[in-house]
There are 2 protein chains.
Amino acid sequence: MQSYTEENYLKIIYHLSVISNPVQTNAIAEKIQTKAASVTDMLKKLSDKELVDYVKYQGVTLTEKGKLAAINIVRKHRLWEVFLVEKLNFKWDEVHDVAEELEHIKSTLLIERLDEFLEFPKVDPHGDPIPDQHGNFAAISFVKLNRLKVNDKGTITGVSEHSSPFLKHLEKLGLTLGKKIEVSEIIDFDGSVELSIDGNKINISREVAKHILISK
Amino acid sequence: MQSYTEENYLKIIYHLSVISNPVQTNAIAEKIQTKAASVTDMLKKLSDKELVDYVKYQGVTLTEKGKLAAINIVRKHRLWEVFLVEKLNFKWDEVHDVAEELEHIKSTLLIERLDEFLEFPKVDPHGDPIPDQHGNFAAISFVKLNRLKVNDKGTITGVSEHSSPFLKHLEKLGLTLGKKIEVSEIIDFDGSVELSIDGNKINISREVAKHILISK
DNA sequence: AAAAATTTTTAGATTTGTCTAAACTTATAA
DNA sequence: TTATAAGTTTAGACAAATCTAAAAATTTTT
Ligand SMILES: [Mn+2]
Ligand SMILES: [Mn+2]
Ligand SMILES: [Mn+2]
Ligand SMILES: [Mn+2]
C-alpha cells in the first residue's frame with residue numbers, strides 16, 4: 001500500500017508523463033507545490049518500492065505497477081467527481097478539491113459499488129475518461145478549439161484546465177459539455193475566436209480556446 | 001483545523017467521556033491502538049489548541065470547542081454509514097472501517113449536501129443518533145437487553161458493539177434494527193436469554209444480550 | 001571546448017506522530 | 001502508614017515528509 005503522499009506523486013507523474021517522458025524533478029515539484037529536494041527524496045522512495053524507474057539527473061518513468069496504481073487513483077478521482085455532480089448537485093467547478101481528498105479512500109468494495117451506483121459512467125464532469133477496474137479506458141479523440149478554422153463545427157467534449165475560475169467563466173458563456181459550436185471568425189488582432197452557439201455569437205480569447213476540447 | 005490524527009483523538013475522547021469523565025490516558029491509548037506515552041504527547045497538543053482541558057495525571061475533558069469538533073466528526077461518520085448502507089448496499093457490518101476514513105474529508109458543502117441527499121436521516125445503521133449541523137441530537141432512550149425480565153417486550157433500536165463478527169452474528173439470528181422481541185426465559189445456569197422473535201424462539205448469550213439496545 | 005546558466009542532488013534540520021525505557025505520581029494493600 | 005502496584009509522564013530516539021543551503025551534474029551559450 002502507498003501513503004496519501006505517495007499516491008499524489010504517482011498521480012502527478014502519470015499526468016505529466018503524457019506531456020514528457022521521463023518526467024523531470026522540477027515539473028513534479030511545481031505541480032505538487034513543493035521543493036525539488038523533496039521530490040528527489042520521494043523519487044528514491046518510489047524507486048525502492050519499484051513504482052517508478054528513476055535515473056539520477058534524468059527523471060522518472062512509471063513502472064507497470066506504478067502506472068496501475070496511478071490509474072486507479074485517477075479512476076477514483078473521476079468517479080467521485082461524477083458522484084458529486086450527479087447526486088449531490090455540485091457544479092463542475094466545485095468538485096476537484098473534494099475529489100482530491102476522496103480519491104485516497106482505500107476500499108475496493110466502495111469504489112466498485114460507487115461505479116455501479118453511478119451506472120458505470122464513461123466520462124467525468126470535465127469530459128475525462130474513467131478507467132475501468134483493470135485500468136482500461138478508451139482515449140477520447142479531440143481537437144483543441146484554437147486549432148479549428150473558420151466554419152469548422154464540433155461539440156464540446158472536454159476541458160484541459162480544471163480551475164474553478166476558468167470553469168465558471170465557461171459556464172457563464174454557456175460553453176458546457178455537449179454544446180455544439182461553429183467557428184464564425186478568427187480575429188487577426190489578438191487571435192481571439194468568435195463562435196456561434198445556441199444561435200448566438202460570442203467571442204473568447206485564444207487562451208480560453210486552447211483549453212476547450214472539440215470533437216466532430 | 002485539526003489533523004487526521006487529532007480528529008481521531010477528539011472523537012475517541014468524546015465517546016469515552018460518556019463512560020467516565022475525565023477520560024484516562026490508558027483508556028485512550030487502548031482505543032486508539034497506541035502507547036500511553038504517545039497519548040500524553042497528543043493531550044498536551046490538544047490542550048495547547050484549547051480543544052481539551054488537561055490536568056496532568058488526572059485525565060482530559062473536552063472543551064466546548066473540542067466537543068463541537070468531535071460531534072462534527074461523529075456526524076460525518078454516521079452520515080457516511082447511512083450512505084453506504086442505503087445507497088451502496090453495504091451490510092451494517094461492512095461500513096465502519098470505510099466510514100473511519102470518510103469522516104475526515106473536509107468539506108462543509110459535501111456533508112450538508114450528503115445529509116440532504118439522504119433526506120436528513122436521524123439515526124445511522126447501528127441505531128446511533130446523527131447530530132445536526134449545530135451538533136444537536138435527541139438522545140435515544142433504551143435498555144440493554146440483558147436488563148429485561150421474563151415476559152418483557154420491546155423493539156431492537158441499537159447496538160453498543162460495532163465489530164463485524166458481532167453484527168454478522170446478530171444478522172444471522174435475525175436480530176436487526178426494528179425487530180420486536182419478547183424475553184421468554186432467562187437460563188439460570190449461564191445467564192443466557194431465550195427470546196421470541198418472528199414467532200421463533202432463539203437463545204443468545206448474556207454477552208450478546210448486553211450489546212443489544214431495546215426500546216419500548 | 002570552456003564558461004555560464006539551469007537543473008538536480010546531497011547534507012543537515014525541522015515537524016508530526018510514534019516508540020521504549022526510566023522516572024514520577026497516585027491508588028491500593030498490607 | 002509504609003510498601004507495592006498501577007497509571008502517567010519525561011527523556012531521548014526514530015520514521016515520514018518537508019525545508020534551506022551548498023555541491024554536483026547537465027544543458028546551453030559563447
Ligand atoms: Mn479533478
Ligand atoms: Mn475531472
Ligand atoms: Mn461506525
Ligand atoms: Mn454507526
Side-chain angles (χ1 to χ4, degrees), chain A residues 1-14 16-17 19-62 66 69-70 73 100-101 103-106, chain B residues 1-14 16-17 19-62 66 69-70 73 100-101 103-106:
Chain A
M1 268 307 94
Q2 294 89 283
S3 72
Y4 189 105
T5 313
E6 286 166 358
E7 289 191 343
N8 276 335
Y9 272 89
L10 289 175
K11 188 185 60 171
I12 276 161
I13 294 167
Y14 175 74
L16 287 172
S17 64
I19 305 159
S20 88
N21 209 294
V23 179
Q24 314 285 114
T25 303
N26 269 348
I28 299 168
E30 199 194 329
K31 277 278 176 191
I32 242 159
Q33 300 268 64
T34 187
K35 296 295 149 78
S38 312
V39 174
T40 301
D41 287 345
M42 182 55 83
L43 294 185
K44 281 185 203 156
K45 196 174 155 193
L46 293 176
S47 179
D48 287 346
K49 293 193 171 190
E50 301 191 314
L51 293 160
V52 299
D53 290 321
Y54 169 54
V55 182
K56 251 200 217 180
Y57 292 103
Q58 299 309 303
V60 271
T61 316
L62 291 172
I73 299 157
E100 284 296 307
E101 287 190 61
E103 73 191 6
H104 300 288
I105 304 290
K106 283 168 185 27
Chain B
M1 267 307 94
Q2 294 90 264
S3 72
Y4 189 105
T5 313
E6 287 166 356
E7 288 190 344
N8 277 334
Y9 273 90
L10 289 175
K11 189 185 59 169
I12 276 161
I13 294 167
Y14 174 75
L16 287 172
S17 63
I19 305 159
S20 88
N21 209 294
V23 179
Q24 314 286 116
T25 303
N26 269 348
I28 300 169
E30 199 193 329
K31 277 276 177 196
I32 243 159
Q33 300 269 62
T34 187
K35 296 296 149 77
S38 312
V39 174
T40 301
D41 287 344
M42 181 54 84
L43 295 185
K44 282 185 203 156
K45 196 173 155 194
L46 293 175
S47 179
D48 288 347
K49 291 193 171 188
E50 301 190 314
L51 293 161
V52 298
D53 289 322
Y54 169 53
V55 183
K56 252 200 222 181
Y57 291 102
Q58 300 307 303
V60 271
T61 315
L62 292 171
I73 299 157
E100 284 297 306
E101 287 190 60
E103 72 191 6
H104 301 288
I105 303 290
K106 286 169 181 26

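Order of the sequence lines fixes the chain letters, A, B, ..., with proteins taken first and strands second; residue numbering starts at 1 for each chain.
Atom P of nucleotide dT6(C) and atom CD of Glu30(A) are separated by 16 Å, given to the nearest angstrom. Rounded to an integer number of Å, the gap from NZ of Lys49(B) to C1' of dT16(C) is 10 Å. Rounded to whole Å, the distance from CG on Asp48(A) to C1' on dA15(D) is 14 Å.
Distances shorter than 4.0 Å separate some side-chain N or O of Gln24(B) from OP1 or OP2 on dT8(D). When the side-chain nitrogen and oxygen atoms of Thr25(B) are compared with OP1 and OP2 of dT9(D), one or more of them lie within a distance under 4.0 Å. Taking only side-chain nitrogens and oxygens, Asn26(A) never comes nearer than 4.0 Å to OP1 or OP2 of dT6(C).
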All N/O donor-acceptor pairs, side-chain side in residues 30-44 of chain A, below 3.5 Å, sequence neighbours left out:
{"unit_1": "Thr40(A)", "atom_1": "OG1", "unit_2": "Ala36(A)", "atom_2": "O", "d": "3.2"}

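Considering all non-hydrogen atoms of both residues, Pro22(A) and Gln58(A) come closest at CG-O, 3.7 Å. Smallest separation of non-hydrogen atoms from Leu62(B) and Ala70(B): CD1-CB, 4.2 Å.
For Tyr57(A), the side chain to side chain contact (heavy atoms under 4.5 Å, CB included) test picks out no residue, with sequence neighbours left out. With sequence neighbours excluded, the residues forming a side chain to side chain contact (heavy atoms under 4.5 Å, CB included) with Lys49(A) are Glu6(A), Leu51(A), listed by chain and number. Ile73(A) pairs by the side chain to side chain contact (heavy atoms under 4.5 Å, CB included) definition with Glu7(A), Lys11(A), Glu103(A), not counting sequence neighbours.
Residues Val60(B) and Leu46(B) are not in side-chain contact: their nearest non-hydrogen atoms beyond the backbone lie 4.5 Å or more apart. Proximity of Glu101(B) to Tyr4(B): side-chain heavy atoms (C-beta onward) are separated by under 4.5 Å at one or more points.
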In B/S/- notation, 5' to 3', how is nucleotides 18-27 of chain C contacted by protein heavy atoms closer than 4.0 Å?
BBB---BSS-
Produce the list of close N/O pairs, under 3.5 Å, pairing protein atoms with atoms of nucleotides 3-5 of chain D; give distances to one decimal.
none

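Counting any heavy atom pair closer than 4.0 Å across all strands shown, Thr40(B) reaches a base atom.
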